[in-house]
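Written out below as structure tokens is the structure these notes cover.
Because the structure is predicted, anything quoted here is derived from the model rather than measured.
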Amino acid sequence: MEGILAAKAKTWIEVLDDGNYLHRMIPAWQGKGPARGGGFVPETLELFDALVVGNRIRVDWSHDEHLRALNARVIEPGSSGGVFEGYLLKVGDRWMDVANVDERTPWRFYLPWVGGLPEEGGGYDRRILEQLKKRLPTDPIRFVWEYRSRPTIVSLNRVNEDKFVPFWVGKRLFEPKAFRSVGKAKEGNASLPSAPKNPFEDAAPKNPFEDAAPKNPFEDAAPQNPFEDAAPKNPFEDAAPQNPFEDAAPKNSFEDAAPPNPFEDAAPKNPFEDAALP
């Protein structure tokens with residue numbers, strides 16, 4: 001069965017079918033009597049609690065002394081909002097039933113909620129119902145709607161409005177204040193005070209990063225590469241130590257200053273050669 005969920009309680013739901021007949025359904029029973037632990041199927045009771053009144057639903061049911069709801073799911077509209085065009089079926093104290101032109105499927109649209117909590121004065125905007133009192137069933141109707149857990153009316157009057165709405169509409173703005181205009185004082189006239197000069201107008205602080213950007217120390221005065229121009233001199237290249245064995249070789253003491261042969265020039269005189277005996 002398909003229809004509008006018209007009402008519900010903890011243990012039953014009421015479905016208004018497309019023929020405008022109301023059906024009350026209860027969950028299936030499991031177990032024996034209540035005194036022996038029997039009761040309604042708990043999954044169906046949880047399903048009833050999750051359903052939102054006013055939606056179209058599809059119910060799987062059976063008949064066992066009562067209409068038993070076995071399963072149910074919400075049939076959501078094809079879009080999340082827009083302009084509804086159809087005809088009026090009937091009006092309740094906080095809703096109206098309408099049908100679209102093409103499918104002729106009944107849908108229930110609830111009035112928008114305005115204000116805060118009920119204890120703060122909030123409630124359904126019943127001013128919309130005042131505009132429907134003179135309408136007859138099957139009269140054409142066109143309105144703006146949104147899906148807010150169930151189909152909800154937004155407005156009956158702003159269907160054709162398509163204009164820009166400034167962001168400040170509906171918000172309280174600050175009241176403008178009047179400022180006294182002070183003229184420029186003439187020379188020698190002390191009656192007109194001179195307006196204080198705006199320090200940010202003529203003498204704006206200079207951007208320290210614009211004209212006097214810090215000089216890059218690595219651009220013009222790059223440190224000299226100590227290994228490029230003043231490389232340490234190779235001590236073994238220009239001032240190589242002299243080979244002590246090449247130019248100043250020690251003189252052979254036995255070559256130029258050989259000791260005289262005591263047996264060559266100063267041979268002992270023969271005592272028997274010049275002084276012959278008499």
Item to complete: Please tell me if the side chains of L5 and V52 come closer than 4.5 Å, counting only heavy atoms from C-beta onward.
Response: no

Discussion item. Quick check: do N100 and F84 have side-chain heavy atoms less than 4.5 Å from each other?
Written reply: yes

Worksheet item: Can you tell if the side chain of L22 reaches within under 4.5 Å of the side chain of L16, non-hydrogen atoms only?
Response: yes

Worksheet entry | Ring centroid separation F109 to W95 under 6.0 Å | no

Worksheet item: Is the closest side-chain heavy-atom distance between P27 and L47 below 4.5 Å?
Response: no

Fill in: Stepwise side-chain contact (heavy atoms from CB on, under 4.5 Å) test for V98 and L88
CA-CA 5 Å; V98 294; L88 185 64; 3.9 Å; yes

Item to complete: Would you give the length of the straight line joining atom CZ of R150 to atom CG of L51, rounded to the nearest 0.5 angstrom?
Response: 12.5 Å

Discussion item. Side-chain heavy atoms nearer than 4.5 Å, only ILVMFWY residues, links allowed to pass through others: does that put I4 and V74 together?
Written reply: no

Item to complete: Measure the shortest side-chain to side-chain distance between W12 and R24 over non-hydrogen atoms and say whether it is less than 4.5 angstrom.
Response: yes

Worksheet entry | Distance under 6.0 Å and angle within 45° of ring axis: R56 vs W107 | yes

Discussion item. Using side-chain contact (heavy atoms from CB on, under 4.5 Å), reason through F48 and I26 one step at a time and then give a plain yes or no.
Written reply: CA-CA 9 Å; F48 285 0; I26 61 176; 5.7 Å; no

Response to the item:
Tightest non-hydrogen contact, residues S155 and F143, listed as O-CB, 3.4 Å

Discussion item. What I'd like to find out is whether the side chain of D97 reaches to under 4.5 Å of the side chain of P106, using heavy atoms alone.
Written reply: no

Discussion item. I want to check something: taking the side chain as every heavy atom from C-beta on, are W29 and F40 in contact at a cut-off of under 4.5 Å?
Written reply: yes

Worksheet item: Would R108 and K90 count as a side-chain contact (heavy atoms from CB on, under 4.5 Å) if you check the C-alpha gap in whole Å, the side-chain angles of each, and the deciding distance to 0.1 Å?
Response: CA-CA 9 Å; R108 177 164 292 184; K90 59 182 176 180; 4.2 Å; yes

Worksheet item: Are V154 and R148 close enough that some pair of their side-chain heavy atoms sits under 4.5 Å apart?
Response: yes

Worksheet item: Same hydrophobic cluster for V59 and V41, using side-chain heavy-atom links shorter than 4.5 Å among ILVMFWY?
Response: no

Worksheet item: When you look at I57 and E2, which way does the side-chain contact (heavy atoms from CB on, under 4.5 Å) test go after all the steps?
Response: CA-CA 6 Å; I57 64 173; E2 286 189 13; over 6 Å; no

